[in-house]
Amino acid sequence: MSSIIECLNLTKKFGKFVAVDRITFSISRGEVFGFLGPNGAGKSTTIRMICGILKPTSGKVYVDGEDVWKNPEKIREKIGYMSQKFSLYNDLTVEENINFYSGIYEISREKAKERKRWILEIAGLEGMERVKTSELSGAYKQRLAFGLALIHEPEIVFLDEPTSGVDPLSRRKFWEMIYSLSKKGLTFFVTTHFVEEAENCQKVAFINNGKIGRMGSPQSLKETLRGREVYEIECSQLFNSLSLLEKEGWENVSIVGKKLRVISNGYNELEKIVSILRREGIQIFSSERVLPTLEEVFVQTVKEEIYRA
């Protein structure tokens, strides 16, 4: 698939502060791309540069093959944006919100009618056109905001923490809509600080302190932990076992359900760990190497960056 977004050594400085530090990545047309990082990591600054709102200090941004800063207005026509707060006017009805956005994007009368029908359908708001937006549930507000971000039929949609505060069932339905549209060629750029949100994306980039640490599919990111492995050990005396391993030098030990979860300090440490536990009279019921979670990979990446700094 061809790249619809391409960032090359993208950098943004505010005085001496480096908000985005020489990041390079590309997004394929029709891809669901996740930008995972804590608040203040550089996610919003990156988006503003891609959208032609904020000029980079250095580096290049291309959208659909065009340099963003040669014609930012043209690029903005290709972009839709849905903010975490949904960008809705609560004192307007559902229909008035749709009409307002149709006017903002200068959509023709006939086309506006067609888009209104489509938004009401995907949002499940047919028959609720005259309901004030303030009276809608969080899930309805989310779907309405999503439809409005797509009202002008953009090629790329930026979703900022799109499922924050929405119940699990509505979250699942929302992602079903995203994947249905991505199959038709629409590209989604999802910013989030929730790992479970990033799990839904086809490709994920970890960003922290303005730098991209790792990037790939959630599965490929889980398959490597840079010289470390993850073990699950079912044993007796869970809390004593945890304390013992921490004293022996394993910093990343946790209890998940009825098992210990250990991130190793190197390769092939499972036998050594089991031996230490048995030596202290702890019974081992099962032990195995497992794939890390995306959260473990992300946390370890951040720790490595802090150590290098």
Side-chain angles (χ1 to χ4, degrees), residues 32-39 43-44 46-48 50-51 53 76-107 109 111-184 186-202:
V32 182
F33 179 84
F35 215 34
L36 174 63
N39 293 331
K43 301 190 299 293
S44 296
T46 301
I47 286 176
R48 290 170 69 194
I50 294 172
C51 292
I53 298 168
R76 287 174 201 149
E77 293 173 4
K78 300 183 179 185
I79 290 171
Y81 179 78
M82 176 180 160
S83 74
Q84 185 178 0
K85 295 181 179 179
F86 301 155
S87 299
L88 300 173
Y89 292 91
N90 285 323
D91 56 335
L92 299 181
T93 65
V94 169
E95 187 172 42
E96 287 169 342
N97 264 284
I98 297 172
N99 292 341
F100 175 77
Y101 275 88
S102 294
I104 288 291
Y105 287 107
E106 299 179 343
I107 299 171
R109 182 172 294 183
K111 189 68 175 178
K113 287 180 182 178
E114 177 191 319
R115 298 305 290 164
K116 183 187 294 185
R117 285 194 298 271
W118 182 81
I119 291 170
L120 292 171
E121 182 182 346
I122 67 159
L125 287 168
E126 292 145 312
M128 299 173 67
E129 293 88 340
R130 295 185 181 180
V131 174
K132 273 201 172 183
T133 306
S134 59
E135 298 172 12
L136 297 176
S137 67
Y140 278 130
K141 286 182 179 180
Q142 177 205 49
R143 293 199 290 268
L144 176 58
F146 183 67
L148 294 176
L150 296 166
I151 195 168
H152 58 301
E153 300 182 275
E155 296 179 42
I156 307 159
V157 182
F158 290 89
L159 304 175
D160 182 15
E161 311 284 352
T163 62
S164 179
V166 177
D167 67 87
L169 182 59
S170 297
R171 188 179 299 130
R172 186 182 308 157
K173 288 181 178 178
F174 183 75
W175 278 99
E176 287 172 1
M177 284 195 297
I178 290 173
Y179 274 109
S180 173
L181 291 166
S182 74
K183 288 176 182 177
K184 296 176 182 178
L186 192 58
T187 305
F188 290 93
F189 190 120
V190 184
T191 68
T192 183
H193 61 271
F194 295 117
V195 176
E196 59 269 27
E197 190 92 288
E199 289 267 14
N200 292 306
C201 300
Q202 293 164 322

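A quick note: this is a predicted structure, and the numbers were derived from the prediction, not measured. Numbering of residues begins at 1 and proceeds along the displayed sequence.
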**Request:** Could you tell me whether K78 atom NZ has more than 12 heavy atoms of other residues or ligands within 6.0 Å of it?
**Result:** yes

**Prompt:** K43 side chain to P38 main-chain N or O, any donor-acceptor pair under 3.5 Å?
**Reply:** yes

**Prompt:** What are the two closest heavy atoms between A149 and V157, and how far apart are they?
**Reply:** CB-CG1, 4.4 Å

**Message:** Could you check whether E161 and H193, counting side-chain N and O atoms only, form a donor-acceptor pair closer than 3.5 Å?
**Reply:** yes

**Request:** Compare every heavy atom of N90 with every heavy atom of T133, then report the nearest pair and how far apart it is.
**Result:** CG2-OD1, 3.7 Å

Side-chain donor-acceptor contacts of residues 124-131 below 3.5 Å, not counting sequence neighbours, with atom names and distances?
| residue | atom | partner | partner atom | Å |
| --- | --- | --- | --- | --- |
| E129 | OE1 | G127 | N | 3.0 |

**Item:** Minimal non-hydrogen separation, N97 against L148, with atom names
**Value:** O-CD2, 4.1 Å

**Asked** Got L150 and L181 here, is their nearest side-chain heavy-atom distance under 4.5 Å?
**Response** yes

**Lys/Arg-Asp/Glu bridge criterion (N-O < 4.0 Å) met for E114, R117** = no

**Approximate separation, where rounding is to 0.5 Å, of I79 CD1 and H152 NE2** = 8.0 Å

**Request:** Determine, stepwise, if the pair S83 / D160 fulfils side chain to side chain donor-acceptor pair (under 3.5 Å).
**Result:** CA-CA 5 Å; S83 74; D160 182 15; over 6 Å; no

**Message:** Check this for me, if you would: do R171 and E196 make a salt bridge, where the nitrogen-to-carboxylate-oxygen distance has to be below 4.0 angstrom?
**Reply:** no

**Asked** Are the side chain of S102 and the backbone of I98 linked by a donor-acceptor contact shorter than 3.5 Å?
**Response** yes

**Request:** First locate atom OG of S182, then atom CZ of F33, and finally report the distance between them rounded to the nearest 0.5 Å.
**Result:** 14.5 Å

**Message:** If I compare all heavy atoms of Y105 with all of I151, which pair ends up nearest, and what's the gap?
**Reply:** CD1-CG2, 3.7 Å

**Asked** When rounded to the nearest 0.5 angstrom, what is the spacing between CG in L88 and NZ in K132?
**Response** 14.0 Å

**Prompt:** When rounded to the nearest 0.5 angstrom, what distance separates CZ in R143 from CG in L120?
**Reply:** 12.0 Å

Side-chain donor-acceptor contacts of residues 135-142 below 3.5 Å, not counting sequence neighbours, with atom names and distances?
| residue | atom | partner | partner atom | Å |
| --- | --- | --- | --- | --- |
| S137 | OG | Y140 | N | 3.3 |
| Q142 | NE2 | P162 | O | 3.1 |

**Request:** For the pair Y89 and Y101, name the ring-plane relationship: parallel under 30°, tilted 30 to 60°, perpendicular over 60°.
**Result:** tilted

**Prompt:** E96 and D91: side-chain contact (heavy atoms from CB on, under 4.5 Å), yes or no, with the steps?
**Reply:** CA-CA 9 Å; E96 287 169 342; D91 56 335; over 6 Å; no

**Complete:** All heavy atoms of P154 vs all of L186, minimum pair found to be O-CD1, 3.0 Å

**Request:** Would you mind telling me which of W175, F174, F158 makes a ring pair (Phe, Tyr, Trp, His ring centres under 6.0 Å) with F146?
**Result:** F174

